[in-house]
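Reckoned from all heavy atoms, side chains included, excluding hydrogens, waters and symmetry mates. Order of the sequence lines fixes the chain letters, A, B, ..., with proteins taken first and strands second; residue numbering starts at 1 for each chain.
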2 protein chains.
Amino acid sequence: MKKTSNLAKTDTSTTLGIEVFCQLRDDLKANRFKPGERLRFENMKRIYDVGVAPLREALSRLTEAGLVVQIGQKGYRVAPASLADLRDIVETRRFLEVRGFQEAVRHGGDDWEEAIVAAFHGFSKVSQRKPATAAERALWEERHSNFHNALMSGCPSRWLLQLWSMVFDHAERYRRLAIEVGHWSDDELGDHKKLLDAALARDADKAGELLHQHIGFSAERLLARIGQILLEAPELKADGHESTVKQDAAVSPKAGRTKAKGRRPARVQTGGNSL
Amino acid sequence: MKKTSNLAKTDTSTTLGIEVFCQLRDDLKANRFKPGERLRFENMKRIYDVGVAPLREALSRLTEAGLVVQIGQKGYRVAPASLADLRDIVETRRFLEVRGFQEAVRHGGDDWEEAIVAAFHGFSKVSQRKPATAAERALWEERHSNFHNALMSGCPSRWLLQLWSMVFDHAERYRRLAIEVGHWSDDELGDHKKLLDAALARDADKAGELLHQHIGFSAERLLARIGQILLEAPELKADGHESTVKQDAAVSPKAGRTKAKGRRPARVQTGGNSL
DNA sequence: CGCAAGAAAAATTTCGACTTTTTTCACTTT
DNA sequence: AAAGTGAAAAAAGTCGAAATTTTTCTTGCG
C-alpha cells in the first residue's frame, strides 16, 4: 500500500508474500482477473509492485486454495469457471453451511448473538432496494458475506469453518461474476431475517431447514445467470482438470535431485490433491 | 520433442516448488518433522537440495493446507498438535467421509467397484496380524489410506473429495504420531470388510452407519493414545492459534508499496482464513 | 500453398547475493 | 543477582539476473 502516510508504518511482522496473497485473493473474488486468464509475472509485478518471489508465494498459496491453477513450466492461470464446478460448490457449501449454522445455533454465546444482530442490521441497510451502481453492489456483497459469516461464527469447529470459508470464497467469485441483473430476489431481506429469527430462537432444526432452502433458491438464480454468461463468453469455460500432485509418495528419505532434462506432457496443478 | 530418453530423467513439466511441496507434505504426514518444530531454511536447503525460492513456494502452499504455520518475519513451523485439534479433525472427517462414502455407494460405477475390491485385497494382506516393524506399519498405513481413498473415489463431488482429503491428511499425521502400540483393534480387517460389503450391496444407509461407527471407534483409540503422547511430550502441544489473513479487504485497486518500517505484534498465519 | 525445422523472442523458474529483522550474548547498571 | 542495553551473529525475506523452457516467427522444402 502506498503507505498510510505519516502514521501506521505499513505493518511489519507480515511479509510481502502474505500481503500479495490477501490482495490477490480479494481481487480474484472480485473477478478483477477473469476465469481462465493467464497471470503473467511482468504484469503482476507492475500491478502489485513486488518482485517474483512474493508473487510466486502468493500464487502457490492460491493454487492450494483452488483459486488459481499452475500449469507446468507455463505459469499460473485464474481457475476456470464452469457450471459443473458451480453446482458442486453450491452443494458442498450448502452441506457445510447448514451443519455449521446448526452448530452455531446450538453452541453460540452472547457474543455470537450480538454479532449476528449487528451483521443483519448492516445488511438490512443495503437491502431495502436492489443495488444499482457497482459500488452499491460491492457493498451489498460484502454485507451479505458478513452476515453469513456471522451466522457461522458461532460454530465451535475450526475445521468446519475453515473448509466452509474456502468454498464460500469460490461461491463469492461466481456470485460476483453474475453481478448486474438476475441474481436478485424480491425478498432477499425477508429471507435472511427468517434465518436471524430462527437463530435467536435457538431452533436448530428450523434454522437448518431455512438455510437449506435459502441456499437452494439463490443457487437456482445464480446457476441460471452463470449458465447464460458462460454461453455468451465461452472463453471463460473450464476444461481439463487433472491432478498432478503425487498422492502418498511413500517415505522420501533424502530427496536427492539432479539437474535433469527430459520432456513430459504438461499437467495441471490445482488445489489440494484432486479436483 | 526430446523424447523420454531411456530412463526417466526426472520429470520436467513440473517445478522444484511442486516437487518439494509433495515431498515435504509426505514427510510431514510421516512426522519426519515433529509438530511445532521450526523449519529453518538452511536445514531444509540441505535436506531437499534446493534454493530458498522453491522452498518458500512449498511452505506457502503447505501453510494454506494447514500442515505448516508461518509466523511473521520469523519463518515457518510445523503445525502444532493438540487434542482439541484432533477431535475437531476427527469429527469433520467423519462428517465429510460419511457423506462422500454414501454418495459413492449411490453413484459409483463398475470401475469404482473394482477399485474398492482391489484396495481391500491389498489392505487385507497386511492386516492379518498386527504390523511389527516400522516398514510394516508404514505399509499398513498406506494400504489403509488407499482403501478409504478408494471408497471415497466413487463420490462425484470433486469439492467434497478435495476437502475430505485435506482433513484426512491431517488425520493421517496424528495417526502416524501414535504408531507403536495402542491404535490397533483386534478386528481392523473385519471392520473394513463390512464397509466393503455394504458398498457392494449398494446399501447407502448401512454404509454410512458402519463408517460412522468405524471412525468413531478408531478415533477413541487414537485420541487416548495421542492424549498420552502429548502429556509425555508437552513440547509438541499447540497454543496460540490466530488468524491474520485479512478477510475481505475491499477492492485493492493498485496495491502500491513503499519500503516502510515499523513494528507490530507477531501474528500466526495458518491455512485459509481462520483456524 | 502448406508445413516442418530451426532460430529468435518471451516467459517461467531458479539461484546467489543483498537487505531487513530477529535472536543471542556479553556488558553495564541499579 | 536481576534487568536493561547494545552490538554481533543468525535467520528470514526480497530482488535482480542467470538458466531453462515455451512460444512465436521466419525460412526452406515438398
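The interatomic distance linking A:Leu39 (CG) with C:dT12 (P) rounds to 9 Å, in whole Å. The nearest whole Å value for the distance from the CD1 atom in A:Ile71 to the P atom in D:dT21 is 18 Å. The interatomic distance linking A:Glu57 (CD) with C:dT13 (P) rounds to 15 Å, in whole Å. B:Glu42 has its CD atom 12 Å from the P atom of C:dA17, to the nearest Å. Note: CG (B:Leu16) to C1' (C:dC15) measures 10 Å, nearest angstrom. Look at NZ on A:Lys74: it is 14 Å from C1' on D:dT20, rounded to the nearest Å. Atom CE in B:Met44 sits about 14 Å away from atom C1' in D:dA12, given to the nearest Å. Taking atom CG on B:Leu55 and atom P on D:dT14, their separation rounds to 15 Å, with Å as the unit.
With the nearest nucleotide of DNA chain D identified for both B:Phe41 and A:Val52, B:Phe41 has the one nearer the 5' end.
For the side-chain hydrogen bond (donor to acceptor under 3.5 Å, both in side chains) test, no residue two or more places apart in sequence or in another chain qualifies with B:Glu37. In terms of the ring pair (Phe, Tyr, Trp, His ring centres under 6.0 Å) criterion, residue partners of A:His170 (sequence neighbours excluded) are, by chain and number, B:Trp159. Every side-chain hydrogen bond (donor to acceptor under 3.5 Å, both in side chains) that A:Glu57 has, sequence neighbours left out, goes to B:Arg56. Applying the ring pair (Phe, Tyr, Trp, His ring centres under 6.0 Å) rule to B:Tyr76 yields no partners; only residues at least two apart in sequence or on another chain are considered. Taking B:Arg173 as the reference, nothing meets the salt bridge (charged side-chain N to carboxylate O under 4.0 Å, His left out) condition, with sequence neighbours excluded.
OP1 or OP2 of D:dA12 has at least one side-chain nitrogen or oxygen of B:Arg38 nearer than 4.0 Å.
Distance from the side chain of A:Val50 is smallest to D:dC15 among D:dG13, D:dT22, D:dC15. Taking only side-chain atoms of B:Tyr76, from C-beta outward, the nucleotide of D:dG13, C:dT22, C:dT14 with the closest atom is D:dG13. Among the nucleotides C:dT14, D:dG13, D:dT22, the one closest to the side chain of A:Gln73 is D:dT22. When distances are taken from the side chain of A:Pro54 to each of D:dC15, C:dT23, C:dT14, the shortest belongs to D:dC15.
A salt bridge links B:Arg175 with B:Glu141: the closest approach of a Lys/Arg side-chain nitrogen to an acidic carboxylate oxygen falls below 4.0 angstrom. Contact check on A:Arg61 versus A:Glu64 returns no salt bridge, with no Lys/Arg side-chain nitrogen under 4.0 Å from an Asp/Glu carboxylate oxygen.
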N/O to N/O distances under 3.5 Å, protein versus nucleotides 7-10 of chain C:
none

